[in-house]
Every structure is written in C-alpha cells, then in structure tokens.
Amino acid sequence: MKQTKLFMPTLREVPADAEVKSHQYLLKAGYIRPVSAGAFAYLPLAKRVLNKVEAIVREEMETVDANEMLVPEILPAELWQRSGRYATYGQDLYKFKNRQDRDFILGPTHEETFTELLGNDIKSYKKLPLLVYQIQAKFRDEGRPRFGLLRTREFIMKDAYSFTADYEGLDTIFNQMEAAYRKIFDRIGLDYRVIVGDAGAMGGSDSKEFSAPAAAGEDTIVYSQGSDYAANLEMAKDFYERVDRSDEPAADLEKIATPNTKTIEALSELLHVPADQLVKTILVAGPEGELAAVVTTGDFEVNLVKVQNFLGLPEVTLADEGLVKEKLGASFGSLGPVGLPEDVSLLVDERAADLVNFAAGANEDGQHYLNVNWGRDVQLTADQVADFRTAKEGELAVDGKGQLAFTKGIEIGHIFKLGTKYSAALGAQVLDQNGRAVDMIMGSYGIGISRLLAAVSEQKADDKGLVWPAAIAPYDVHIVPINLKDDDQAAVAADLEGQVAQAGFDSLVDDRKERAGVKFADADLIGLPVRITVGKKAGEGIVEVTLRESGENFEMPVSEVADHLNDWLKK
C-alpha cells in the first residue's frame with residue numbers, strides 16, 4: 001500500500017475530550033473517528049487491526065469446534081421479556097418500536113437469541129454438546145461514553161454460547177474456552193490476568209474475567225503478591241478465620257448520646273475504640289422494594305455486589321435518605337441492627353458477626369448503643385452471615401498466600417457458566433437418555449474485539465505513538481524512502497516492497513513528498529513493527545532498520561533484509 005493512497009487523516013493536536021492514551025493516539029494516528037458520542041468509525045488502519053484480531057479469534061475457535069454464525073442486531077423485545085431482562089437490564093438497553101408498533105431492542109448481548117434458535121431445532125441430547133459464536137456489533141446506551149473505545153455505545157464483540165446436556169459437558173467446554181482465550185490473548189501480545197469476576201446482568205454461577213492491567217482501566221484488579229489469586233474488586237476476598245468468642249462475658253446494653261458523630265472515625269475517637277471493634281450499618285434496596293440492613297466492621301466498606309449475589313437479586317442500591325428515615329427512624333450514621341422492622345432483613349459480615357460488646361447506631365439520630373451482643377440483643381443465624389465487605393489493599397489474600405495488591409485493568413474477555421437461566425425461561429429443552437425433557441445447560445463467552453485496540457494501545461504505546469505487536473499490526477513493515485525522486489532510493493524501495501511481499505508480509509510505503517522529520521514522526525505515531533528507511537546510502541545498497549517496540553536501530557545490506565523479516569516479525 002502506498003501512503004498517498006491510504007485514508008489516514010492524522011492530527012497534530014489532540015482533541016480536548018481525549019482523556020486517555022489510547023483515545024489520543026488512535027485519533028491522532030488516523031485509526032478512528034467519532035461519528036457521535038460513543039460511536040466510532042474504524043478507518044482503514046484500525047479495520048486492518050480488527051481483521052487480524054478477528055482472524056486469531058476464528059483460528060482459536062476452530063480448535064474447540066466452535067461454529068461461527070451471525071444473528072440479527074435488531075431483536076424482538078418479546079425474547080427479552082420472556083427471559084425477564086427487558087425489565088431488569090436497565091437504562092443501557094436501546095428500546096424502540098417499528099411502524100407496526102412492535103417493541104424491539106438493539107442487542108447488547110445475545111443469550112436469548114441463541115437459546116431460542118437452538119431450542120427450536122435441537123431436541124435430543126445426542127445432538128449436544130454444541131458451541132456457537134459470532135463476531136458482531138453490540139449496543140449499549142452508555143450514560144457517559146468516555147475513554148475512546150473503552151466505554152462506548154456501539155462496540156464489536158465475539159460472543160459464544162455453549163449448549164450441553166449435563167454440567168460435566170459445561171465444565172469441559174468452559175475449561176476449553178478458558179484455554180482458547182489464553183491462546184488468543186497470548187498471540188495478540190497482551191499482558192493480562194485471569195480473575196474471579198462478577199456475572200452481573202448475565203447471570204449464572206462461575207465467572208472468570210480476562211483483564212489487561214492498564215492505567216486507564218475501568219476495573220480494579222485485586223491480586224495476591226504471593227500466589228496466582230486474582231479477582232475483580234467486586235468479588236475479591238481477603239483471608240479471615242471465624243473466632244468463637246461466646247465465652248466472653250456480655251456487658252450491659254447502654255444507650256449514649258453521640259451528637260454530630262456520623263462517621264466511624266468520629267465514633268472511634270469519641271469512644272476510644274478502634275474501628276475494627278465497631279460496626280457500621282447501611283440500608284440497601286432491591287428492584288422490587290426488598291430491604292436489607294447490612295452490617296460490617298467499621299474498618300471495611302459494604303460490597304453491594306456481594307450483597308446482591310447473596311440475595312439473588314438483579315441489583316441492589318443504597319436506600320435513599322428519605323426511605324432510611326421512614327423505615328429505621330434515623331439517618332445514615334446512626335443506624336444499627338437492634339430493633340429492625342420485620343420487613344428489613346439483616347445481613348452481617350463474618351468479621352462483624354464475631355464481635356462482642358460492640359457499639360452500633362441506635363436507629364435514633366445522635367444516639368448509639370454500647371455493648372451490643374448477638375443473640376442477646378439481636379437474633380442472628382448462620383444463614384445471615386457471609387463475606388459482605390470490600391477487600392482492602394494490604395490484607396492477606398483469601399488463599400492465605402501473600403498480601404492483596406490493587407491495579408487498574410481493562411476487561412477484555414469474560415466467560416460464564418450460565419446453567420439453565422435462559423434455557424428454562426425460554427423453554428429450550430432436549431430429551432435425555434431416559435426420554436425426559438430437561439433444560440439445556442449453557443455457558444456464555446465474550447471477547448471485546450474493538451476494545452482490544454484500546455487495551456493494546458494502553459499497554460504498548462510510548463511517548464512517540466502507537467506500538468503494535470506484530471501479530472495484529474495493520475502493516476508489518478513501513479518502508480520510508482526519504483526522496484523518491486532519487487533513482488537509487490526509488491529502486492531500493494521497490495526492491496524492498498517485493499522482498500516483503502515475497503516473504504508473506506505486508507508493507508506500507510511512505511511515498512509522500514514530505515520532509516524526513518515528518519515521515520519519521522508519522523511512522524512512530526502509526527506504530528508498525530519494522531521501519532526500513534531508504535536514504536543516502538541506497539546507492540551502496542544499505543538501508544536503516546528500526547524496530548519500533550525495542551527501539552533498536554541499525555544499518556544492513558538490502559540483500560539481507562528478507563532473511564531477517566521472520567526474526568523481526570514472528571518472534
């Protein structure tokens with residue numbers, strides 16, 4: 001490809017709304033352009049990267065016998081109404097009506113669609129297992145699109161779905177897909193971690209998230225410094241062993257005035273008691289008005305995702321102050337577990353459940369109880385106790401091996417064991433070995449294709465521009481003749497172009513009438529793996545080679561270039 005023929009509109013100034021490195025460089029180097037907030041056009045360079053990413057994905061999906069297909073992006077709302085997600089998915093769901101006044105959505109994901117298709121045609125366990133996938137645009141009405149390709153309203157995904165007759169089959173495919181995903185990300189050249197993730201709106205049981213550490217990451221990865229344990233912050237656990245303190249004497253319950261003491265810090269200072277010996281209580285609400293008071297020790301925060309998963313609800317939120325006042329008779333800061341209304345369930349973090357003679361809000365503004373004890377003052381059963389806290393950096397990891405450390409990460413893939421969540425709702429059944437109708441067992445497996453461009457850019461780019469791994473670079477070699485009017489340079493550039501093609505690689509030839517400095521700056525910005533500069537020594541058959549990632553720079557005879565292309569591009 002000649003650069004004069006390539007649609008590659010570079011920018012000299014970075015737009016003010018480009019906050020992160022990947023957004024800045026992908027715009028500046030002419031890879032993407034916004035069409036509307038959160039919706040981007042992928043220009044020729046970006047499309048070539050996407051094509052190479054998709055090729056790697058397809059090759060690895062072939063190794064696990066996955067069937068590629070394509071389903072509509074426009075979906076009848078009735079499918080999502082039957083699964084229940086039409087009502088619960090939230091404001092991110094694009095909803096519209098057609099001219100016949102029928103309700104439709106733009107698909108953010110396709111569990112329902114694939115379940116309906118396979119449920120209609122697969123009727124016997126003998127036809128299973130099956131693994132199907134597609135690569136397609138998805139849609140989410142993101143409230144605040146930002147960070148370029150990291151938080152968008154339209155994005156490209158590879159989504160796959162497995163259908164098995166039993167859970168053993170699901171486990172087998174789940175493990176195969178995890179291995180395939182590792183190969184995909186290894187081949188692309190990403191640094192990533194496989195972490196325990198939250199299934200969220202997808203539902204299901206086991207969930208693993210593939211996260212690329214990066215400063216612009218929207219997630220927090222919690223990992224052990226002494227083992228391979230890693231999890232999303234919403235799911236991360238620290239190590240704690242329950243302590244039986246039932247033999248400690250219970251002091252008399254006492255109510256005291258605590259005016260203007262609405263924080264754990266203030267209460268700790270007033271009572272001269274460390275935060276881990278106090279409790280905090282918050283009120284959370286579910287989508288159907290379910291209410292729960294959640295108690296943790298004062299040195300930890302309540303983890304709403306853990307509460308949500310424990311209750312089996314699609315979401316929980318902090319109750320607003322008006323509801324808190326109405327139900328408990330006090331505002332946040334004075335809430336406690338003593339004397340809760342019957343319609344408010346009690347959930348207690350295991351650390352708080354082991355406290356004796358602790359202080360808690362009295363559900364009366366400016367008042368606290370001292371010497372609260374479980375059993376005597378608040379009834380507490382084992383099924384109300386679990387890990388409801390957000391893990392903290394520096395705590396011992398749940399496996400007891402190493403302290404927890406935090407880093408930002410970009411979610412690039414996610415795999416879920418869905419079980420029968422969708423097949424049961426949509427009636428996707430097969431006859432088992434005994435002739436009984438059973439729900440198909442499902443798994444769901446996603447890769448954010450378009451966000452991989454951002455993840456790679458965030459990890460690899462330097463202060464000069466993008467740095468593409470050879471496996472997904474838009475072109476393999478950038479041939480930069482300084483002056484094509486020079487016959488020697490023109491001849492050497494043409495020779496190099498032929499050598500590169502003969503070796504099975506792609507080249508981009510900078511045939512523009514620009515100064516050398518401009519050409520070099522643009523080459524660094526575009527980020528191709530190998531740059532071959534054809535300059536004053538062309539007449540001697542000498543060119544200059546620059547390896548973009550390592551920064552190595554050396555001269556060599558034109559005749560030897562072909563012999564080294566594989567080393568430069570395939571190691």
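Every heavy atom of this structure was used, including side-chain atoms; hydrogens, water molecules and symmetry mates were not. Just so you know, residue 1 is the first one in the sequence shown, and it goes up from there.
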Open item on the list: Quick check: Tyr223 with Tyr229 (ring centres under 6.0 Å apart)?
Closed with: no
Task: Close side-chain approach of Lys208 to Val196, heavy-atom, < 4.5 Å - done: no
Task: Full working for side chain to side chain donor-acceptor pair (under 3.5 Å) between Gln134 and Asp159 - done: CA-CA 6 Å; Gln134 65 173 350; Asp159 50 323; 3.2 Å; yes
- [ ] Using a strict 4.0 Å threshold on nitrogen-to-oxygen distance, state whether Arg245 and Asp354 make a salt bridge.
- [x] no
- [ ] Answer yes or no: is there a donor N or O on one side and an acceptor on the other, between the side chain of Asn67 and the main chain of Leu131, under 3.5 Å?
- [x] yes
Task: Shortest non-hydrogen contact from Gln379 toward Gln384 - done: O-OE1, 3.9 Å
Task: Heavy-atom pair with the smallest gap, counting every atom of Asn363 and Leu335 - done: OD1-CA, 3.3 Å
- [ ] Inspect the contact between Glu60 and Arg187 and indicate whether a charged nitrogen and a carboxylate oxygen are less than 4.0 angstrom apart.
- [x] yes
Task: Expected output: side-chain His414 to main-chain Gly448 donor-acceptor under 3.5 Å - done: no
Task: Backbone N/O of Leu79 and side chain of Glu112: donor-acceptor pair under 3.5 Å - done: no
TODO: Using atom types as modelled and distance alone, determine if a side-chain donor or acceptor of Asn434 lies under 3.5 Å from a backbone N or O of Arg436.
DONE: no
Task: Distance-minimising heavy-atom pair for Thr164 and Pro129 - done: CG2-CB, 3.7 Å
Open item on the list: Ignoring hydrogens, what is the shortest heavy-atom contact between Val316 and Gln308? Give both atom names and the distance.
Closed with: N-OE1, 3.6 Å
Task: Six-ring centre of Tyr94, Arg140 cation under 6.0 angstrom, axis tolerance 45° - done: no
TODO: Evaluate side chain to side chain donor-acceptor pair (under 3.5 Å) for Glu458 paired with Ser22, printing each intermediate quantity in order.
DONE: CA-CA 5 Å; Glu458 288 293 332; Ser22 59; 2.8 Å; yes
TODO: Could you tell me whether a side-chain N or O of Lys421 sits under 3.5 Å from a main-chain N or O of Lys417, the two making a donor and an acceptor?
DONE: no
Task: Exercise: identify the closest heavy-atom pair between Phe239 and Ala397 - done: CB-O, 3.0 Å
Open item on the list: Under a plain distance cut-off of 3.5 Å, with no hydrogens placed, do Gln91 and Asp141 share a side-chain donor-acceptor pair?
Closed with: no
Open item on the list: Is it the case that the side chain of Ser450 and the backbone of Ile156 share a donor-acceptor pair, with hydrogens and angles ignored and the cut-off at 3.5 Å?
Closed with: yes
Task: Steps toward salt bridge (charged side-chain N to carboxylate O under 4.0 Å, His left out) verdict (Glu218, Arg151) - done: CA-CA 9 Å; Glu218 71 273 62; Arg151 190 178 295 177; over 6 Å; no
Task: Electrostatic pair Glu78:Arg82 at N-O distance under 4.0 angstrom - done: yes
Open item on the list: Can you confirm whether the side chains of Asp166 and Tyr125 place a donor and an acceptor under 3.5 Å from each other?
Closed with: no
TODO: Using the side-chain contact (heavy atoms from CB on, under 4.5 Å) rule, take Lys325 and Phe332 through it: C-alpha gap first, then chi angles, then the decisive distance, then the call.
DONE: CA-CA 8 Å; Lys325 191 82 172 177; Phe332 283 121; over 6 Å; no
Open item on the list: Please check: side-chain N/O of Lys392 versus main-chain N/O of Asp299, any donor-acceptor pairing under 3.5 Å?
Closed with: yes
Open item on the list: So does Thr296 get a backbone contact from the side chain of Arg351, meaning a donor-acceptor N/O pair under 3.5 Å?
Closed with: no
- [ ] For the pair Glu209 and Arg193, find out whether any cationic side-chain nitrogen is under 4.0 Å from an anionic carboxylate oxygen.
- [x] no
Open item on the list: Strictly distance-based, threshold 3.5 Å: is any side-chain N or O of Tyr167 a donor or acceptor partner for the main-chain N or O of Gly419?
Closed with: no
Task: SB check Glu178 Arg182 (cutoff 4.0 Å) - done: yes
TODO: Check whether the side chains of Lys95 and Tyr89 place a donor and an acceptor atom closer than 3.5 Å, and report yes or no.
DONE: no
Open item on the list: Looking only at side-chain N and O atoms, does Tyr445 offer a donor or acceptor that is under 3.5 Å from a partner on Ser162?
Closed with: yes
TODO: Evaluate the side chain to side chain donor-acceptor pair (under 3.5 Å) criterion for residues Asp399 and Ser227: first the C-alpha distance (whole Å), next the side-chain angles of each, then the deciding distance (0.1 Å), finally the verdict.
DONE: CA-CA 8 Å; Asp399 59 8; Ser227 71; 2.6 Å; yes
Task: Minimum heavy-atom distance Met442-Leu170, with the two atoms named - done: O-CD1, 3.6 Å
Open item on the list: Measuring centre to centre across the rings, with the benzene-like ring taken for any Trp, is Trp374 within less than 6.0 Å of Phe358?
Closed with: yes
Open item on the list: In terms of relative ring orientation, are Tyr31 and Trp468 parallel, tilted or perpendicular, with 30° and 60° separating the classes?
Closed with: tilted
Task: Distance-only donor-acceptor check, side chains Glu411 and Ser211, under 3.5 Å - done: no
- [ ] Kindly indicate, with the supporting measurements, whether the criterion side-chain contact (heavy atoms from CB on, under 4.5 Å) is fulfilled by Glu234 and Thr390.
- [x] CA-CA 7 Å; Glu234 291 144 340; Thr390 298; over 6 Å; no
Open item on the list: Centroid separation under 6.0 Å, is that true for the rings of Phe40 and His23?
Closed with: yes
Task: Main-chain N/O of Arg389 paired to Lys306 side chain as donor or acceptor, under 3.5 Å - done: yes
Task: No-hydrogen, no-angle side-chain donor-acceptor test under 3.5 Å, Glu111 and Thr109 - done: yes
